[in-house]
Amino acid sequence: MVRIILLLLAAWVLLGVVGSIVEGVLWLVLVGGALFLGVAAYGAIKTHKRPKGIKGPKP
């Protein structure tokens, strides 16, 4: 009986740790996606102020 309780307790702790890690990664993905979309929108708005080309040194 004690082994079953310890096994269930270990499984509960393991699932709790794995769930916390998955939730943390999910939040990182959501925040990263939002930042990517924000930077992409900002870049699309400010595109007309970009230089036309790169001028290197004359030979």
Side-chain angles (χ1 to χ4, degrees):
M1 183 69 176
V2 174
R3 282 188 173 173
I4 294 173
I5 293 173
L6 289 176
L7 180 65
L8 289 174
L9 182 63
W12 178 62
V13 169
L14 181 67
L15 287 175
V17 169
V18 170
S20 297
I21 292 171
V22 169
E23 185 179 356
V25 170
L26 176 67
W27 279 110
L28 285 175
V29 167
L30 291 175
V31 170
L35 286 174
F36 174 78
L37 290 176
V39 170
Y42 180 77
I45 292 170
K46 297 294 182 182
T47 301
H48 64 279
K49 295 191 176 187
R50 191 172 13 163
K52 298 286 183 187
I54 298 173
K55 296 182 179 177
K58 294 186 177 184

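Trp27 is linked by a side-chain contact (heavy atoms from CB on, under 4.5 Å) to Glu23, Leu30, counting only residues two or more places apart in sequence or in another chain.
If you chain together ILVMFWY residues whose side-chain heavy atoms come under 4.5 Å of each other, Leu35 ends up grouped with Val31. In the hydrophobic clustering, where aliphatic and aromatic side chains (Ile, Leu, Val, Met, Phe, Trp, Tyr) are joined below 4.5 Å either directly or transitively, Tyr42 stands alone.
When the shell of 6.0 Å around CD1 of Ile4 is examined, it contains 12 or fewer heavy atoms from other residues, nucleotides or ligands.
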